[in-house]
Structure formats: C-alpha cells, structure tokens
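Just so we're on the same page: letters track the sequence lines, and every chain starts at 1.
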Amino acid sequence: MDAQQIKQFNHDLLDWFHTKGRQLPWRETNNPYYIWISEVMLQQTQVNTVIPYYNHFISRFPTPEALANAPEQEVLKCWEGLGYYSRARNLQHGVREMVENYDGRLPDNKGDLLSITGIGPYTAAALLSFAYDEPEPAIDGNLMRVLSRVFLIDDDISKQKTRKKFENLASDLIARTEPGAFNQALMDLGAMTCRPKKTDCLQCPVHAYCLAYDEGVQLEYPVKSGKVKLRSLNYAVLLIQDEQGRYLIEQRPEKGLLAGLWQFPMMSLDEYEEQSQRADYVRDRYGCAVAPVRKPFSYTHRFSHLIWRLTLLEGRGTTKKPLKTRQCWTAKDEFERYPFPVSHQKIIEWIKNNRQDHT
DNA sequence: AACGCGGGGTA
DNA sequence: TACCCAGCGTT
C-alpha cells in the first residue's frame with residue numbers, strides 16, 4: 001500500500017470503529033492503572049468473561065496502593081475462575097514495582113514498561129497507545145488474524161519471528177492521529193467480523209483492501225502450526241472429614257499448575273497403581289482409610305493442555321493428627337473463603353447437593 | 001525457541 | 001469435539 005491507500009485504509013477502519021465499535025468499561029477511563037488491569041485480564045481471555053471480573057476488581061482495589069497492600073490470597077480470590085492465576089500474582093508484583101520505583105505512576109516509555117513484571121510486548125504497546133496516544137501497534141491474535149488476511153501473509157503465527165513481521169507492517173499502517181483507536185478497531189474487527197471460523201466480510205470496513213477476501217481464502221488464514229496431543233491424568237480426590245464433619249483442604253504449591261489455590265487432597269492413581277500402595281499413601285499422609293463415596297462419582301476436567309479424570313473417595317480423619325502447613329479443616333459453609341479451581345468447585349457443589357445431612 | 005499456564009465461548 | 005481467546009514468564 002502506498003501512503004494514500006494507507007490513509008484511506010485508516011479512514012475506513014476508524015470510521016467503522018467510531019460507529020460500530022464496542023463500548024467496554026475499560027474504554028471509559030483514562031486511568032492507566034485500570035487499563036493495565038483490563039489488559040492483563042484480557043490475556044487469552046474473552047471480553048464477556050472479563051467484564052464482571054474487571055468491575056469487581058477495580059471496585060475492590062481502586063488504587064495501585066490498595067492492590068499493592070492487599071494480601072495475595074485476596075487478589076487470587078478476586079481472580080477465582082478466571083484462569084491463568086500467575087497473571088494475578090504478576091499484576092500485583094508489577095503494581096508493587098510501580099508504587100516503589102515509579103512513585104505510583106505507570107511509566108510512559110516502552111523500556112520501563114517492559115521492565116515491570118507481567119508487562120510484555122503486547123501489554124506495553126496497548127498501554128502506550130491507549131493511555132498515552134503513542135503510535136505503538138499492539139500485536140495480538142486479532143491483529144495477526146486480520147492483517148494476515150488483508151495482506152495474505154502465510155508465515156506461521158505461532159513462530160516468534162512472525163510477530164516481528166506484523167510489528168513492522170502495523171508500524172507502517174498505524175494511524176498517527178488515533179493510534180489507540182487503530183489498535184482497538186483491529187481488535188473489534190477481529191472479534192466481531194473477522195472471526196477465526198466465521199467471517200462476515202461484507203460487513204467489514206476494509207474488505208475492499210483484503211487480498212484473502214479477494215481470493216475467497218479468508219478461512220485459510222492465519223497459518224498456524226503445531227497442535228499438541230493432550231495428556232490424561234487420573235486422580236482420586238479425598239473427602240476427609242474430622243469428628244466435627246469439617247473437610248480437609250490443602251493449598252497447592254507456590255509454583256506450577258493452579259499455584260496457590262486450594263483443593264481437596266488429590267492422589268495420583270497413575271503414580272500409585274496398586275490398591276495397597278494407595279492405602280499406604282493415604283494412611284501415611286492422612287492417618288485414615290478411604291473408600292469410594294456411596295454413590296460413585298467420577299468426572300473429567302479438561303484443561304487446554306491436559307485432562308484430569310477425578311474420582312471421589314471419602315474417609316474419616318481426626319484432629320488428633322496434627323496438620324501440616326498449607327492444610328486446614330474447613331466447614332462446608334466456609335469453602336467460599338478460599339480460592340478453588342473450577343475442577344474443585346464442582347466437588348463443592350457435589351458436597352452441597354449430596355451431603356445435606358452433615359456439615 | 002519451546003513450553004506451561006485455565007477456563008469459557010463458539011461453530 | 002476442536003479450536004480460539006486484548007500473552008507472559010521460565011527454561
């Protein structure tokens with residue numbers, strides 16, 4: 001595209017955005033801290049899922065200082081169900097860095113932004129363009145999908161190198177007058193019209209420029225390689241109650257999958273294949289025996305990269321055996337005080353529906 | 001450069 | 001069912 005075509009492209013794109021673009025809570029503010037929160041929540045997460053979390057989060061932590069001073073568990077509680085929990089931890093770390101190193105204000109240059117925990121190339125560019133009107137293209141899945149179609153770019157978007165190519169292209173393209181609107185317009189286009197599996201090209205403000213539309217190959221783009229076969233893991237979930245009917249729960253390790261969240265004890269059935277090994281394991285750790293619940297209950301929980309197949313077992317523990325750190329006895333009506341992954345929220349539901357007899 | 005990291009929406 | 005989503009940190 002020459003300079004004149006770029007200008008026209010921007011005009012058509014921005015004109016559409018100003019009339020048809022989405023109205024979203026984080027577009028109502030200029031507060032870089034709020035915009036930052038929204039950007040972190042929106043990483044790999046769809047807009048409609050984020051909206052209620054965003055509203056609750058900024059009302060619970062209205063200032064950087066409020067978030068910086070909050071206990072991590074409370075931050076995780078506000079993130080419960082949103083997934084990718086390290087985002088919450090990194091966001092709080094990053095906000096603490098901002099409070100300590102930048103006088104509580106978000107820096108307005110790329111280098112400093114990238115040095116903050118949880119801010120990568122995309123989020124830095126988003127903040128610079130949305131909060132500070134800098135012409136930085138925010139390279140995300142939407143932008144790559146839209147531009148790969150418009151310009152018929154067949155590089156593999158799962159490769160790091162390809163990101164650089166889109167960055168160069170978008171840098172030439174981005175509207176100097178309204179860089180933030182340019183980025184948001186491509187996001188809205190990607191979400192509303194130029195979708196992955198179903199396009200709506202006749203509604204698209206730039207279909208006249210689109211090489212893929214011209215050739216009728218929109219759905220062939222973007223090119224993306226590498227699918228992974230997901231592993232399946234079998235676990236027993238142990239419902240261990242003390243003399244008062246309280247349940248034993250444990251906090252997961254600080255690193256790794258679902259870090260810092262709480263769960264009912266789990267025993268790998270792949271690791272301990274024999275019945276006697278399993279009995280020894282439970283006896284050693286929890287001082288009791290377990291058996292399948294009266295009406296057997298198993299279900300699968302699917303993550304993006306693995307599958308848990310969970311089976312409920314129950315047993316009677318005792319408060320006489322001292323608890324280890326990161327364990328506690330919890331009454332049925334106190335589960336809500338702890339962040340649980342969705343896979344274990346299902347178990348809480350099961351308990352509430354199937355065990356109204358004890359507490 | 002490759003991998004780990006959640007949960008929900010969509011076709 | 002099989003992707004896909006306003007990515008980032010670690011290795």
If you check every side-chain atom of A:Val342, which of B:dA2, C:dA6, B:dG7 has the closest atom? B:dG7
Check for a donor-acceptor pair, side chain of A:Arg149 on one end and backbone N or O of A:Tyr213 on the other, with a separation under 3.5 Å. no
Remember a base hit wins even if backbone is also touched, and classify A:Ser343 as base, sugar-phosphate or nothing at under 4.0 Å, heavy atoms. nothing
Within the structure shown, what part of the strands sits under 4.0 Å from A:Arg22 by heavy-atom distance: base, sugar-phosphate, or nothing? base
Backbone N/O of A:Glu250 and side chain of A:Arg252: donor-acceptor pair under 3.5 Å: no
Closest approach to the side chain of A:Pro121, judged atom by atom: which nucleotide of C:dC8, C:dA6, B:dA2 is it? C:dC8
Within residues 74-85 of chain A, the residues having a heavy atom closer than 4.0 Å to DNA chain B are A:Gly81, A:Leu82, A:Gly83, A:Tyr84, A:Tyr85
Which sits closer to the 5' end of DNA chain C, A:Gln184 or A:Ile119, going by the nucleotide each is nearest to? A:Gln184
Show, in sequence, the C-alpha distance, side-chain angles and deciding distance for A:Ile58 and A:Tyr54, and conclude whether the side chain to side chain contact (heavy atoms under 4.5 Å, CB included) test is met. CA-CA 6 Å; A:Ile58 64 170; A:Tyr54 170 82; 3.8 Å; yes
Rounded distance in Å - CZ (A:Phe182) to C1' (C:dA6): 15 Å
Distance check: side-chain N/O of A:His301 vs OP1/OP2 of B:dG7, anything under 4.0 Å? yes
For A:Ile139, which contact category applies under a 4.0 Å heavy-atom criterion: base, sugar-phosphate, or nothing? nothing
Calculate, to the nearest 0.5 Å, the distance between atoms CZ and NZ belonging to A:Phe297 and A:Lys346 respectively. 8.5 Å
Measure from the side-chain N and O atoms of A:Thr29 to the backbone N and O of A:Trp26, and report whether any donor-acceptor pair falls under 3.5 Å. no
Given atom NZ of A:Lys224 and atom C1' of C:dC5, what is their separation to the nearest angstrom? 9 Å
A:Phe340 has an atom CZ; how far is it from atom P of B:dG6, in whole Å? 16 Å
Position toward the 5' end of DNA chain B (nearest nucleotide), A:Lys198 or A:Ser86: A:Ser86
Does the gap between the ring centers of A:Tyr34 and A:Phe130 come in under 6.0 Å? no
Backbone of A:Asp2 reached by a side-chain donor or acceptor of A:Gln5 within 3.5 Å: yes
Of A:Gly190 and A:Lys197, whose nearest nucleotide on DNA chain C comes first from the 5' end? A:Lys197
Under 4.5 Å between side-chain heavy atoms, counting indirect links through other Ile/Leu/Val/Met/Phe/Trp/Tyr residues: same cluster for A:Leu128 and A:Tyr122 or not? yes
Of all of residues 143-151 of chain A, which get a heavy atom below 4.0 angstrom from DNA chain B, listed by number? none
Can you check side chain to side chain contact (heavy atoms under 4.5 Å, CB included) on A:Trp262 and A:Cys328, steps first, answer last? CA-CA 10 Å; A:Trp262 291 77; A:Cys328 71; 3.9 Å; yes
To the nearest angstrom, the CG-P distance between A:Asn90 and B:dG6 comes to 11 Å
Point-to-point distance, once rounded to the nearest 0.5 Å, from OG1 of A:Thr300 to CH2 of A:Trp308: 12.5 Å
Could you measure between the two P atoms, the one in B:dG8 and the one in C:dC8, and give it in whole Å? 22 Å
Can you measure A:Ile116 atom CD1 to C:dG9 atom P for me and round it to whole angstrom units? 11 Å
Separation of the P atoms in C:dA6 and B:dC3, to the nearest angstrom: 24 Å
What are the residues of residues 33-63 of chain A, sorted by number, that bring a heavy atom to within less than 4.0 Å of DNA chain B? A:Gln44, A:Thr45, A:Gln46
Are A:Leu189 and A:Pro205 close enough that some pair of their side-chain heavy atoms sits under 4.5 Å apart? yes
A:Trp308 has an atom CH2; how far is it from atom C1' of B:dG6, in whole Å? 10 Å
Using a 3.5 Å distance criterion without hydrogens, assess whether the side chain of A:Lys332 forms a donor-acceptor pair with backbone atoms of A:Arg355. yes
What is the distance, rounded to the nearest whole Å, between atom CG of A:Asn183 and atom C1' of C:dA6? 10 Å
Under 3.5 Å, is there a donor-acceptor pair linking the side chains of A:Gln8 and A:Asp12? yes
Between CZ of A:Arg87 and C1' of B:dG6 the distance, given in whole Å, is 8 Å
